[in-house]
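Each remark here refers to the structure printed beneath this line.
When a residue number appears, it is its place in the shown sequence, counting from 1.
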Amino acid sequence: MLMSMKEYAEHVGVSYNTIYRMCKNGDIPSVRFGKRRKIDPAKAMAKLEADEKTRLREKEEKARKRQLAYNKPAVDRIRTQGEFLAALKAL
């Protein structure tokens with residue numbers, strides 16, 4: 001069942017302007033009927049959940065890279081190939 005932007009805004013508990021902006025930016029899939037724009041709630045929620053998962057994955061990846069950079073062994077402390085391999089395994 002398609003909903004108007006106003007109905008969908010009330011359904012999810014945000015302002016009409018927020019829904020309008022999200023539709024305009026392509027964050028929520030919508031269909032135009034003349035001057036009116038309709039939203040399929042199931043598709044909109046699926047898109048928002050997928051976007052949230054992507055944001056969380058990117059945030060975790062960034063944190064992991066930051067942690068790896070912090071734990072990176074100093075090159076001047078590693079004198080042998082064995083020490084280098086041991087340091088890499090420790091990561």
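Grouping the Ile, Leu, Val, Met, Phe, Trp and Tyr side chains by contacts below 4.5 angstrom, directly or via other members, places M3 with M45. Both V12 and Y20 are part of a single hydrophobic cluster, where members link through side-chain heavy atoms under 4.5 Å apart.
Applying the side chain to side chain donor-acceptor pair (under 3.5 Å) test to K47 and every residue at least two apart in sequence or in another chain returns D51. With sequence neighbours excluded, the residues satisfying side chain to side chain contact (heavy atoms under 4.5 Å, CB included) with E52 are R55, L56.
In this structure, CE in M5 is found 11.0 Å from NZ in K24, a value given to the nearest 0.5 Å. Atom CD1 of residue I28 and atom CG of residue D40 lie 11.5 Å apart, to the nearest 0.5 angstrom.
What you find for S30 and I39 is that their closest heavy atoms are CB-CG1, 4.1 Å. Contact between A44 and Y8 at its shortest, heavy atoms only, is CB-OH, 3.4 Å.
The closest side-chain heavy-atom distance from L48 to M22 is below 4.5 Å. Residues E10 and K6 have side chains in contact (heavy-atom distance under 4.5 Å, counting atoms from C-beta outward). For the pair S4/K38, a side-chain contact is recorded, criterion being any heavy-atom separation below 4.5 Å from C-beta on.
Classification of R64 and E61 as a salt-bridged pair holds, one side-chain N sitting under 4.0 Å from a carboxylate O.
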